[in-house]
Every structure is written in structure tokens, then in C-alpha cells.
Amino acid sequence: MMNNLEDSIYKSITKKELIKIFCVGSLIGSIVFLACYGWKILDVTNDSWLLTGQDISQHYIGWKFYRASAWHFPIGQIDGIIYPETSCIIFSDSIPLFAIFFKILSPILPETFQYFGIWGIATYLLVGGISAVIVRKSTESCWLCWIGSGFFCLSPYVFQRMYGHTALAGHWVILLAIGIWIYKPFFSTFRRKLAAWTGLLILGSLVHIYFIPMIMVFMFGFCLQDLFEKRGWKEDLVFAPVTVAVDLIVLYAVGAFSKSGGYSDSGLGVYSANLNSLFNPNNYAKYLKTLPIRPGQDEGFGYLGLGIIFLLGCALGIYIVYKVRCRKGIEQNFAKEIRRTQMAFGCSMVVVLFIFLILAWSPEIVFGTKTVMRIHYPEFILKILSTFRASGRFIWCVGYLIMTFCMMAVCYYGKRAVAMICMFGALLVQIADMQNMILIKKNNVCQEKSLQTIQSAEWEKLAKGKDHLVILPFSTVWQNQGISAAYEMGDFAVDHGMTINYFPLARTDLEQIALNDAEYMAGAVDGVSRDETMYILDTEEKGRNLGLDVYYVDGYYIGIAEN
């Protein structure tokens, strides 16, 4: 099993060696990235592949609005994307960690600048390096560490999310949480616990808020082990609340709490993980048959990959053989302290796995298309869980723990030659199984700009001298033309220095935006900002009633107050 003992392998680790292992693992990650996604997306001035009408368009256009906004406090505030309301860079999923950094550098950056290619290669680099370091805790062989990093670099979860829900592909955050726990002997002092978990929670928060509960569950398991060992748990009563408090301060400073409306959303239970998730390729893999799931449960995609499934069998077999052989030997000679640590680690890990599984499956536990059972949470618990309504994403943590267990068990309990054969063979199987998913992602980033409903040169003429783009009612574009058209309208607005009253964001207060429609209508009648506004209307008649000149361009009714 995975271990965090201060054993002979741990004592053999040197700082110089860890740096080498990390760097080579990072190189493996970057090679995988370039082989699967290519070089072109690393060109920071190439944004055509980001304007395809998919979710990545939301992330990129959100960054463009943020870059065009003046600095405010909170520092993540965007002031033109749902005008006159404000939003936060967190709710456009534009990777706040990168958005804030590059906004600081904005004056020296080119006019067109995208960091999503940089984010992608950085993610694979970190996944490769961190995973190699994790595997080192169970073996003195650098080669086994680097083969192990290959599995994590080929993670189906990262491939599914990268350049889809791009921020959610930052699974190096999850691996860091596992790494801190695996290297618990190093992080046993109060100062190191506080620094490691606080830093990680802040990083996770600035990548995507879904990583917050994931990190906190791992941190809970880390502290639970201290309690089981009856060692250091009193310190945890201090460091854990301090860690959470510091993260809340950072979130406040970024603007996570500055929005109007609630943070809960519908869909809890719809976007859960299926009981078959870990073994269901969901049309992504090459060999295994896709199993039935309910609509929405692709959010709980947890497929391990055929190579990991094969390695899991190897790990279990090697571990059983080891236990049988050592039952009357080494096992009985373990020091009491080591046994207590193993038991505490094992029990706390089981608790963490159980929590992640329940979070991923609940509140309605489904196998295939049939309901197995429903968990009836109290109302206040449901409200909290609805903030993270796509609960199926918690299955990633289960998957990564299984991957880690497989590799560490094979490396730790198997002979080096056996471990090398099992690991390398399983990696070849994983590569073969992942071919379809790799091809899908390669095709995605090779797409050219497809936001093309705005084609006529008349748009440029009508937008000249306008400061605001107002859609009346706000739902007109996305209901009539689709979500990609709503992205395109936002892109047109930001490119022409205009605010817009509606852009698709996470956790948007649609009721408030609808109320703003009435104010815009009254403003158009009274002449308030009418000359500076370009209106997108649902009917020609509405424009006439507002005293506007109406043009029909590319399927849109555009209202303008002629000077």
C-alpha cells in the first residue's frame, strides 16, 4: 500500500536527487504535451483556436475583459462584462492565478495575448515532475519514477478537461496534496504543515474553486492520521483553521465574495459520478466498451485507463504475495511505532477515499441508469453541496489515489525487475488505450476561429463611437443563436472597447440582469446614454418603440440612436 513512513527509502532521498527526478519528470510532461497538442498554441498571439464557441472561448474572452478593466479592489473584479454589475475573474474560469499575473504585465504584453498554451504545458510539466517525486517515496530507482510519471502525464482526467474546462485540468494541485501526505515525515512540524497546506490551498483557490474542497479533504486525512497516532494533533487544531482563514482572506481579496446572488446552483445529483465511472471509458478509450450512464454524468468521468487497470491487478497480486511470504517473518518484527503509523495512515486513507466516493456519487447513487439509493441530506448540507454541484469531479481524487497505490505498491513490494516489467508494460497499454482521446484533443486545438455570425462590415460602422453593447432582453442572443453567439457578442464588445450587459459566466445573478433590462429600456426612452449605446433587440418593433433606427444585420436587429 502507499506509505508515508520514515523508512530506509525515505532516508535515502537527497535534495539533489529530487531536483533531478522532478526535472526529468517535467521534461516527460512537456514532451507528452507537445506530442498531443503541438507547438502552435504556445504562440501567445495565436488566439484563433480559442474562439471556437466552446467553453474555452468563455475563458479567453473573460481574460480579455479582465485585462481591459481598470484595477479595483478586489483585484479580480471585472467591470464591463455584465454591465452595470461587476463580476470576478473566478467566474469566467480564466485561471485567476495566471490572469492576475499577466494583467500586472499587461502594459508590456502584445495587444493580442493568450496564456492558455502556457497554462497547458505548465500543467503537464508540473504533473510529470510532482508525480515522479511521489513515486520516489517507494523506490530508489529513478527509472521507475520516470515511468510512473508517464502514467500521470497520460491521465484521462487531464486530457478530458484541458481546453474544455481548462482551469480544471490543473490536477498538479491534487498531486501536490497527495505528495504532502506521502512525504508526511518531512511535513511533520507545525511550521511546515502550515506553510505547505496554506500555500497549496491558496494555489488551488486561484486555479479553480473546485480544488478547495478536494484539498481540504486531503488536509483532513493528514490531520486525522495525527489524531490516530496521538502525535501532533493539538497543533492541527491551530494550523488547519489558520490555513482556511488565510485562504478566505485571499479569496476575498480576489473578489470571490463580491458577487450578488447565491453561490448555489441547480444540478446537484445530475452531474454526479456513476458507480461504473472508474471503468467506463465513455467513448474516449480504444479498447473497453462504453457503459451506460445518465445524462450529465460525464462530469463524473473517472476512467482509469486500461494500463492502470492492468497495473492495479499487478499491484494487488504483488502485495498479496508479499504478505504471504512475510507473514511469519518481517511482518512480526516491525517496530510498534511503525505498525502504529501504518495503521493510522491506512485508516485515515480509507476515510478520505470514502468521503471522496460519497461526494462524487451523491446525493443519488446510480449504477448505469438505475438508482441504487438516495442520500437524504439536511437542507443546509444540500445548499453547501450545491455550490459544488458537479460533484462527480471528486472522483478524480479517487482515481489519482488508485494510480498512486498501484505504482507505489508495485515499486515498494515487488522486485525491481518485476516492477520494471509491470510498469513499462502497463504504460504501453495505457498509451495504446489513450489514442482516441489524444486524437480528439489534437483535433480540438487545430480548429480555426468559428465565431462567424458577425460577418457584415455594417457592424463596424454601427459600433463606431459606441461605449455600450446592450442586449434586450439579455437572453436574446443565446436563446436565438446559441451560446457560441453569446461568446461572439462578448468578443465583439471587448474588441471595440464596449461594455456588455450579459455574457455567460458561472454563478451569474440572472434575476438582477433581468431587472437591469427594464432600466435599459427606460434609459433608451429617456435618452440616457442612448447615443453611446448599440442595442441588440429581439424584434424590430421594440426598436421602433424605443425611438431607435433599426438595422437587420447577419440575423440580428440592431438599434442605433442616430445623431
Side-chain angles (χ1 to χ4, degrees), residues 22-64 66-67 89 92-103 105 109-110 112-132 149-176 203-204 206-208 210-211 284 301 305 393 396 400 431 434-449:
F22 178 87
C23 289
V24 176
S26 298
L27 178 62
I28 292 169
S30 61
I31 291 172
V32 171
F33 175 84
L34 293 173
C36 297
Y37 298 93
W39 290 90
K40 289 185 178 180
I41 62 175
L42 294 177
D43 178 358
V44 296
T45 63
N46 172 22
D47 66 354
S48 62
W49 62 282
L50 297 167
L51 297 170
T52 59
Q54 306 301 316
D55 287 334
I56 188 66
S57 299
Q58 178 204 54
H59 313 332
Y60 174 54
I61 296 167
W63 148 247
K64 290 173 72 174
Y66 180 58
R67 184 183 181 185
I89 193 66
S92 64
D93 289 345
S94 302
I95 316 168
L97 184 67
F98 273 41
I100 294 169
F101 175 76
F102 286 112
K103 182 175 172 66
L105 299 181
L109 298 178
T112 298
F113 180 84
Q114 60 86 11
Y115 51 72
F116 295 93
I118 299 172
W119 166 254
I121 196 168
T123 293
Y124 276 84
L125 184 149
L126 288 169
V127 165
I130 294 166
S131 59
S149 75
F151 284 100
F152 289 95
C153 293
L154 291 168
S155 164
Y157 315 148
V158 175
F159 273 102
Q160 187 211 24
R161 294 294 167 172
M162 186 62 75
Y163 304 130
H165 291 120
T166 308
L168 285 168
H171 291 179
W172 52 270
V173 173
I174 300 173
L175 295 181
L176 271 177
L203 279 174
L206 295 179
V207 172
H208 198 286
Y210 267 82
F211 290 126
Y284 283 115
F301 176 72
R393 296 169 183 174
W396 303 334
Y400 283 121
I431 293 170
M434 291 288 294
Q435 287 180 11
N436 289 349
M437 180 171 273
I438 292 171
L439 183 61
I440 290 170
K441 285 300 175 179
K442 185 172 288 188
N443 290 336
N444 283 350
V445 299
C446 289
Q447 294 183 59
E448 295 298 322
K449 180 177 179 179

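Sequential numbering from 1 along the given sequence is applied to the chain's residues.
- Between Tyr163 and Trp49, the ring-plane angle classifies as perpendicular under the 30° and 60° cut-offs.
- Panel note: side chain Ser57, backbone Thr52; a donor-acceptor pair is recorded below 3.5 Å.
- Shortest non-hydrogen contact noted between Gly29 and Cys153 is CA-SG, 3.4 Å.
- Heavy atoms only, all atoms of each residue included: Ser94 and Ile89 are closest at CB-CD1, 3.5 Å.
- A parallel orientation is assigned to the rings of Tyr115 and Phe102, their planes being inclined by less than 30° (bins at 30° and 60°).
- Shortest non-hydrogen contact noted between Ala167 and His208 is CB-CD2, 3.9 Å.
- Scanning both residues, Val158 and His171, for their nearest heavy atoms gives CG2-ND1, 3.7 Å.
- Between Leu203 and Leu97 the shortest side-chain heavy-atom distance falls below 4.5 Å.
- Within the 4.5 Å cutoff, the side chain of Ile130 has heavy atoms near those of the Phe22 side chain.
- Of the listed residues (Leu51, Asp93, Thr166), just one forms a side chain to side chain contact (heavy atoms under 4.5 Å, CB included) with Ile56, and that residue is Thr166.
- Relative orientation of the Phe159 and Tyr124 rings is perpendicular, given thresholds of 30° and 60° on the angle between their planes.
- For the pair Pro156 and Met437, the minimum side-chain heavy-atom distance is below 4.5 Å.
- With hydrogens and angles ignored, the 3.5 Å screen pairs a side-chain donor or acceptor of Lys103 with a backbone N or O of Tyr66.
- Within the 4.5 Å cutoff, no side-chain heavy atoms of Ile41 are placed close to those of Phe116.
- Considering all non-hydrogen atoms of both residues, Gly117 and Leu42 come closest at O-CD2, 3.3 Å.
- The minimum heavy-atom distance between Gly128 and Ser149, with the atom names listed, is O-CB, 3.3 Å.
- Residues Tyr284 and Phe301 place their aromatic rings such that the two centres sit under 6.0 Å apart.
- In this structure, a donor-acceptor pair under 3.5 Å is present between the side chains of Asp55 and His165.
- Checked by atom type and distance alone, the side chain of Lys442 never pairs as donor or acceptor with a backbone atom of Gly38 at under 3.5 Å.
- No side-chain heavy atom of Trp396 sits less than 4.5 Å from a side-chain heavy atom of Ser155.
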